[in-house]
Structures are given as structure tokens and as C-alpha cells.
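Order of the sequence lines fixes the chain letters, A, B, ..., with proteins taken first and strands second; residue numbering starts at 1 for each chain. Here the structure is a predicted model, which means the values were calculated and not measured.
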2 protein chains.
Amino acid sequence: MEENKKYTIAVRIWIEEADGPFLGIGKIWLLENIAKTGSITNAAKEMKMAYRQAWQLVEEMNKRAEKPLVEKLLGGKGGGGARLTEAGERAIQTFYELEKKIQDFARKETLNLKF
Amino acid sequence: MEENKKYTIAVRIWIEEADGPFLGIGKIWLLENIAKTGSITNAAKEMKMAYRQAWQLVEEMNKRAEKPLVEKLLGGKGGGGARLTEAGERAIQTFYELEKKIQDFARKETLNLKF
DNA sequence: CAGCAGTATTCCTTTTAAAACATACTGAAA
DNA sequence: TTTCAGTATGTTTTAAAAGGAATACTGCTG
């Protein structure tokens with residue numbers, strides 16, 4: 001009798017826009033952490049990511065979405081911060097809904113993979 | 001009236017095994033090119049990939065599949081070559097079937113993405 | 001037994017991406 | 001008008017991955 005390894009299917013989704021990949025799980029995590037911490041700086045720390053990169057991702061998202069997903073507050077009490085716009089909140093929801101549907105479907109389709 | 005950008009959903013699937021990602025579209029292409037050209041060398045050329053890397057991918061596939069996906073012929077007329085095993089042929093089929101099902105489903109679920 | 005073409009394998013260079021560093025700028029509040 | 005924490009941005013360093021070069025091996029064939 002031959003060996004019986006276990007294989008599973010993995011699915012990754014992201015949103016494409018005219019200029020290429022627009023929104024995947026990485027940016028979604030960033031959005032969530034911005035919402036949670038109130039700033040890009042702290043979100044980046046939370047994710048052990050450089051502020052610089054986090055900031056660039058936010059810039060890109062805001063430019064390529066129809067309206068900004070993150071509102072940035074410059075200067076003032078506490079130096080400022082960042083928070084999600086309505087569109088930002090919706091983006092998270094939409095993404096996870098889509099992801100769940102597709103992954104559930106994929107799991108259902110997977111039985112007895114052999115290689 | 002506001003801008004109306006077009007967003008689409010993209011899906012990528014791959015097969016996981018105990019030690020992590022096992023088989024994705026890249027290795028599938030390699031398998032196809034080996035089948036088409038009869039050798040790893042020519043498959044690599046076709047894909048503008050270094051022989052070295054192609055060879056490593058084949059090694060990995062063969063080790064982690066229950067049985068080898070590629071049969072390698074060493075020396076002899078024409079120096080040898082490589083061809084797919086039954087399991088290799090089946091892997092390609094299985095992968096594309098799964099991919100098509102899931103992508104079709106994803107496309108159906110996508111209407112009117114807004115960000 | 002020399003030639004050949006592809007496999008097998010090591011080593012070194014190059015490219016690229018990520019991370020780290022540095023430094024202005026902003027504006028509310030004490 | 002100085003402090004402060006976060007945003008904004010350029011530069012440099014480092015690390016990792018990709019690529020290329022070189023060499024040995026294999027076994028049929030003329």
C-alpha cells in the first residue's frame with residue numbers, strides 16, 4: 001500500500017484595477033491596524049513594518065481608490081494621526097466577504113487531492 | 001457625478017502540502033513545457049528561466065509528490081531528456097480543473113466592486 | 001572511444017527588494 | 001515660541017533572490 005500524503009488547496013484573492021494589483025490582504029491588515037491604533041506609525045509598529053512602507057501603501061490606496069480609504073491628520077494635538085473613511089471601512093468588509101465566499105467554495109470543491 | 005473606476009477580482013490558487021506551498025501555476029507551466037519540449041533544458045529556454053532553477057523545481061516536485069511527476073532520462077541518444085509521468089499529466093489536469101471552477105465562481109460573485 | 005546533448009551541481013556575480021537611517025514639516029496646546 | 005508625536009520624503013545599507021558561468025557526469029551512437 002502506498003504512502004498517503006495530505007494535500008489541500010489554498011486560495012488567495014485580491015482586487016485588480018487598471019494599473020495592476022490594487023488591494024490584497026496585506027493592505028487590508030494595514031487598514032485594520034490604522035483603524036485600531038489611530039495612526040500609520042502605530043499601525044506599522046503593530047505589524048513590524050517600516051513606517052515608510054506603510055505610508056507608501058496608504059498613499060497608493062488613496063490615489064487609486066475612487067475616494068481615499070484613509071484620512072490623514074497632520075500636526076496638532078498628538079502630532080496628528082490617521083483614520084479610515086467610510087470607503088475604507090467598506091473596503092475591509094467587502095474584501096472579507098468576497099474572500100470568505102470564495103474560500104468556502106474552494107474548500108467544498110476539494111476532496112481527495114492526489115499527486 | 002463621480003468617477004467610475006473598474007475593479008475586478010483576481011484569484012490565485014495553489015496546492016499546499018505539509019511543508020508549505022507545493023504546486024502552483026509556475027510549476028504547472030514548467031510541467032507543460034517539459035511535456036512539450038521533451039527536456040528540462042528546452043522547457044527552461046522556452047520560459048526564459050535558468051536551467052538551474054527549472055531543475056530545482058523539478059527536484060522539489062518529485063520529492064514532495066507521492067510519486068514523481070517528471071521522469072528524467074540521463075545520457076544516451078540526444079543526451080537524455082525529461083518527460084511527464086502519469087502522475088505529472090494528472091497533476092496538470094487536476095490543477096486546471098480546480099482553477100477554472102474557482103475562478104468561474106469568483107467571477108460570478110463579482111459585481112459592481114466599488115472602492 | 002570521441003562526440004554529443006541533456007542532466008547534475010557548485011560557485012560567483014548581479015539585480016532587486018526590503019530595511020534602516022536621517023531629517024523636514026505640521027499644527028494644537030502648554 | 002517651544003514641545004511633541006505623527007506625517008512626509010530622500011538617501012543609504014543590507015539581505016535575499018535571481019541569474020550566469022563553469023564543470024563534471026551519463027550513456028547511446030557513429
Side-chain angles (χ1 to χ4, degrees), chain A residues 12 14 19-65 67-85 87-88, chain B residues 12 14 19-65 67-85 87-88:
Chain A
R12 175 121 190 207
W14 67 93
D19 297 324
F22 162 63
L23 186 62
I25 189 64
K27 290 203 191 109
I28 292 293
W29 285 337
L30 179 56
L31 290 180
E32 292 180 301
N33 278 303
I34 288 171
K36 179 178 152 198
T37 65
S39 78
I40 297 176
T41 295
N42 289 321
K45 274 179 192 150
E46 198 89 358
M47 305 172 70
K48 291 176 201 306
M49 145 186 296
Y51 168 80
R52 186 192 159 68
Q53 188 185 0
W55 178 86
Q56 284 173 333
L57 293 175
V58 168
E59 278 299 293
E60 198 204 319
M61 275 190 269
N62 279 350
K63 285 209 181 88
R64 296 176 59 196
K67 19 180 126 169
L69 305 185
V70 176
E71 179 184 6
K72 289 176 286 181
L73 314 168
L74 189 51
K77 175 178 164 57
R83 63 185 170 210
L84 301 196
T85 62
Chain B
R12 173 119 191 210
W14 67 94
D19 298 324
F22 162 63
L23 185 63
I25 188 66
K27 291 202 190 110
I28 292 293
W29 285 337
L30 179 57
L31 290 178
E32 292 180 301
N33 278 304
I34 288 171
K36 179 178 154 200
T37 66
S39 78
I40 297 176
T41 295
N42 290 321
K45 273 180 193 148
E46 198 88 359
M47 305 171 70
K48 291 177 202 305
M49 145 185 299
Y51 168 80
R52 177 194 159 70
Q53 188 184 1
W55 178 84
Q56 285 173 333
L57 292 175
V58 169
E59 280 298 294
E60 198 203 319
M61 274 191 270
N62 279 350
K63 285 208 181 89
R64 295 177 60 196
K67 17 181 128 168
L69 305 185
V70 177
E71 178 183 8
K72 289 176 286 182
L73 314 167
L74 187 51
K77 174 177 163 61
R83 63 185 169 211
L84 300 196
T85 61

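- What separates NZ of Lys45(A) from C1' of dA20(C) is a distance of 15 Å, to the nearest Å.
- Heavy-atom distances to DNA chain C give each of Gly76(B) and Gly76(A) a nearest nucleotide, and the one nearer the 5′ end belongs to Gly76(B).
- For Leu74(A) and dC4(D), the CG to C1' distance is 13 Å, given to the nearest whole Å.
- Going from atom CD of Gln56(A) over to atom P of dA18(C) covers 11 Å, rounded to whole Å.
- Ion pair Glu59(A)/Lys63(A) flagged as a salt bridge, since at least one NZ, NE, NH1 or NH2 atom sits closer than 4.0 Å to an Asp/Glu carboxylate oxygen.
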Next item on the list: Show your working on side chain to side chain contact (heavy atoms under 4.5 Å, CB included) between Arg64(B) and Asp19(B) and close with a plain yes or no.
Entry: CA-CA 9 Å; Arg64(B) 295 177 60 196; Asp19(B) 298 324; 3.9 Å; yes
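- Listed pair Lys77(B) / dC4(C) fails the phosphate criterion, with no side-chain N or O lying under 4.0 Å from OP1 or OP2.
- At whole-Å resolution of the value, CG in Asn62(A) and C1' in dA8(D) are 14 Å apart.
- The existence of a salt bridge linking Glu32(A) and Lys36(A) is excluded, since no basic side-chain nitrogen approaches an acidic carboxylate oxygen closer than 4.0 Å.
- If Lys48(A) and Gly75(A) are placed on DNA chain C by their nearest nucleotide, the residue sitting closer to the 5' end is Lys48(A).
- Rounded to whole Å, the distance from NZ on Lys63(B) to P on dA8(C) is 10 Å.
- Checking dG6(D), dA8(D), dT7(C) against the side-chain heavy atoms of Asn42(A) singles out dG6(D) as nearest.
- For the OP1/OP2 pair of dT7(D) and a distance below 4.0 Å, the side-chain nitrogens and oxygens of Trp55(A) include no atom meeting the criterion.
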Note to self: Does Thr37(B) form a side chain to side chain contact (heavy atoms under 4.5 Å, CB included) with Lys45(B)? I'd like the steps, not just the answer.
What the structure shows: CA-CA 10 Å; Thr37(B) 66; Lys45(B) 273 180 193 148; over 6 Å; no
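- As a whole-Å value, the separation of Arg52(B) CZ from dT14(C) C1' is 14 Å.
- Ser39(A) contributes no side-chain N or O that, together with a main-chain N or O of Ala82(A), makes up a donor-acceptor pair within less than 3.5 Å.
- For dT7(D), one of the phosphate oxygens OP1 or OP2 lies less than 4.0 angstrom from a side-chain nitrogen or oxygen of Thr41(A).
- What separates CG of Leu73(A) from C1' of dC25(C) is a distance of 16 Å, to the nearest Å.
- Between Gln53(B) and Gly80(A), the residue anchored closer to the 5' end of DNA chain D is Gly80(A), taking for each the nucleotide with the nearest heavy atom.
- One atom, CD1 of Ile40(B), and another, C1' of dT9(C), lie 13 Å apart when rounded to the nearest Å.
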